[in-house]
Asker: 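Pasting a structure below so you can have a look.
Computed from a prediction, not measured in an experiment: that's the story for all the values here. Throughout, numbering of the chain's residues begins at 1 and tracks the sequence.
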Amino acid sequence: MPLVQPVVFISLTVLGVIAALVATRRGMRRAYVISKALASAGFIAVAVASGAVGALWSMLVLGGLVFSAAGDVVLGVRGRRTFLVGLSCFAVAYSVYSGAFLLHGTGVYLWATVPAGAIFVIGAWLYLRNRLPAGMRAPVGVYLAVIAAMMATGIAAGISHKTVSLVCGVILVAASDLAVARERFSSPSFANKLFGLPAYYAGQTLIALSLVG
C-alpha cells in the first residue's frame, strides 16, 4: 500500500510529540495531555492506513495500540492511582502485542530473543528495585515481565518476517519505559521526557508501519 496516508498521520504524531515536549517544559499539564492524545491518534491512524484491519494478528496489534493510547493519556494525569491504571493499560497492550506476534509467527528465533528480553528486564529490575516504594514492587515486576515477553516475541517475529520496523519499534517502546521509570522513581528531569517521548512514539509508529502489506 502506498505510504501517502501513513505519512500524513506520522506528521500528526510528530507535531503532537513536539507540542507535548513544549508543554511539559512550560508546565502546561492540560496541553501536555491533549498533545499526547493527538500523537497517539496519529499512530493509531497509521496502523489503520497501513492495513491493520486485514489479518487477525494485525487487528490485535491495532487493539494493542488503542490500549497504549489509553494508557499514555492516563499517565498524563498525576497520581498514584492513575499511574497504576496507566500501567495496567500498557500491560494489557503489550500482552496483546505478544499474542499478535506469536500469531504472526516467530520462527525459530525465540531461543535467542527470550534470553535477550530477560537480560534487558533483569537489568531494569536491578536498577529500580531499591528505588521503588514497597507497594509498587509487585506491579512493576509483573510489568517488566510483560515487557520481556513483548520484546522477545516482537523481535523474533520481526526477524522471522524480515520486518526491521517491528524489531526497532518494540526496542524503542521498551527503552522509553526506562525513561518513564527513571522519571517516576529515580531522577526526574526534562531529559527523561526529551528521550522517552520521541522514543515511545517512534516505536509505536514503527510497530504500526510494520502492518504494511
Asker: Quick one: OG on S58 to CG on L56, what's the gap to the nearest 0.5 Å?
Answerer: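 Here the rounded value is 8.0 Å.
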Asker: Check whether L194 and Y200 end up in the same hydrophobic cluster, where Ile, Leu, Val, Met, Phe, Trp and Tyr are linked by side-chain heavy atoms less than 4.5 Å apart.
Answerer: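 Yes, it is one cluster - the side chains of L194 and Y200 are joined through contacts under 4.5 Å.
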Asker: Let me check something: any side-chain donor-acceptor pairs from residues 147-154 under 3.5 Å, sequence neighbours excluded? List them with distances.
Answerer:
{"unit_1": "T153", "atom_1": "OG1", "unit_2": "A149", "atom_2": "O", "d": "2.8"}
{"unit_1": "T153", "atom_1": "OG1", "unit_2": "M150", "atom_2": "O", "d": "3.3"}

Asker: If you link ILVMFWY side chains whenever their heavy atoms are less than 4.5 Å apart, which other residues fall into the same cluster as M59? By chain and number, please.
Answerer: none
Asker: Ignoring hydrogens and angles, write down the donor-acceptor pairs under 3.5 Å from the side chains of residues 10-20, residues two or more places apart or on other chains.
Answerer:
{"unit_1": "S11", "atom_1": "OG", "unit_2": "V7", "atom_2": "O", "d": "3.0"}
{"unit_1": "T13", "atom_1": "OG1", "unit_2": "A39", "atom_2": "O", "d": "2.9"}
{"unit_1": "T13", "atom_1": "OG1", "unit_2": "F43", "atom_2": "N", "d": "3.2"}

Asker: Mind checking ring pair (Phe, Tyr, Trp, His ring centres under 6.0 Å) for F185 and listing every partner two or more places apart, or none if nothing turns up?
Answerer: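 With sequence neighbours excluded, F185 shows a ring pair (Phe, Tyr, Trp, His ring centres under 6.0 Å) to F83, given in chain and number order.
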Asker: Any donor-acceptor pair under 3.5 Å linking the side chain of S160 with the backbone of A156?
Answerer: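 No, because the side chain of S160 does not come within donor-acceptor range (under 3.5 Å) of the backbone of A156.
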Asker: Which donor-acceptor pairs under 3.5 Å do the side chains of residues 122-136 make with protein atoms, sequence neighbours left out?
Answerer:
{"unit_1": "Y127", "atom_1": "OH", "unit_2": "S186", "atom_2": "OG", "d": "2.8"}
{"unit_1": "R131", "atom_1": "NE", "unit_2": "S186", "atom_2": "OG", "d": "3.4"}
{"unit_1": "R131", "atom_1": "NH1", "unit_2": "Y127", "atom_2": "O", "d": "2.4"}

Asker: How far apart are the closest heavy atoms of S95 and V146, and which atoms are they?
Answerer: OG-CG1, 3.7 Å
Asker: Check whether any side-chain heavy atom of V61 sits under 4.5 Å from a side-chain heavy atom of F101, and report yes or no.
Answerer: yes
Asker: Restricting to side-chain contact (heavy atoms from CB on, under 4.5 Å), what partner residues turn up for A112, sequence neighbours left out?
Answerer: none
Asker: Could you pull out every donor-acceptor pair under 3.5 Å between side chains of residues 162-178 and any protein atom, sequence neighbours left out?
Answerer:
{"unit_1": "T163", "atom_1": "OG1", "unit_2": "H161", "atom_2": "O", "d": "3.2"}
{"unit_1": "S176", "atom_1": "OG", "unit_2": "V173", "atom_2": "O", "d": "2.6"}
{"unit_1": "D177", "atom_1": "OD1", "unit_2": "Y143", "atom_2": "OH", "d": "3.2"}
{"unit_1": "D177", "atom_1": "OD2", "unit_2": "Y94", "atom_2": "OH", "d": "3.4"}
{"unit_1": "D177", "atom_1": "OD2", "unit_2": "Y143", "atom_2": "OH", "d": "3.0"}

Asker: Rounded to the nearest 0.5 Å, what separation is found between the CZ atom of F120 and the CD1 atom of I155?
Answerer: 9.5 Å
Asker: Give every donor-acceptor pair under 3.5 Å between a side-chain atom in residues 66-76 and any protein atom, sequence neighbours left out.
Answerer:
{"unit_1": "S68", "atom_1": "OG", "unit_2": "G64", "atom_2": "O", "d": "2.9"}
{"unit_1": "S68", "atom_1": "OG", "unit_2": "Q204", "atom_2": "NE2", "d": "3.1"}
{"unit_1": "D72", "atom_1": "OD1", "unit_2": "K36", "atom_2": "NZ", "d": "3.2"}
{"unit_1": "D72", "atom_1": "OD2", "unit_2": "Y201", "atom_2": "OH", "d": "2.1"}

Asker: Using the test side-chain contact (heavy atoms from CB on, under 4.5 Å), find all partners of R81 that sit at least two apart in sequence or belong to another chain.
Answerer: none
Asker: Can you pull out every salt bridge (Lys or Arg N to Asp or Glu O under 4.0 Å) where at least one residue sits in residues 180-193? Sequence neighbours excluded, please.
Answerer: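 Sorted pair list comes back empty.
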Asker: Check whether L103 and Y97 end up in the same hydrophobic cluster, where Ile, Leu, Val, Met, Phe, Trp and Tyr are linked by side-chain heavy atoms less than 4.5 Å apart.
Answerer: yes
Asker: Salt bridge (Lys or Arg N to Asp or Glu O under 4.0 Å): which pairs involve residues 5-34, sequence neighbours left out?
Answerer: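 Sorted pair list comes back empty.
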Asker: Find out if a path of hydrophobic residues (ILVMFWY) with successive side-chain heavy-atom gaps under 4.5 Å connects I34 to V22.
Answerer: no
Asker: Kindly work out whether a path of hydrophobic side-chain contacts (I/L/V/M/F/W/Y, heavy atoms less than 4.5 Å apart) joins V142 to V85.
Answerer: no
Asker: Considering all heavy atoms of both residues, which atom of P115 and which atom of L110 are nearest to each other, and what is their separation?
Answerer: CD-O, 3.9 Å
Asker: Treat each ILVMFWY residue as a node, draw an edge where side-chain heavy atoms are under 4.5 Å apart, and state whether I159 and L102 are in one component.
Answerer: no
Asker: Enumerate the side chain to side chain donor-acceptor pair (under 3.5 Å) contacts for residues 104-114, please, sequence neighbours excluded, ordered by first and then second residue.
Answerer: W57-H104
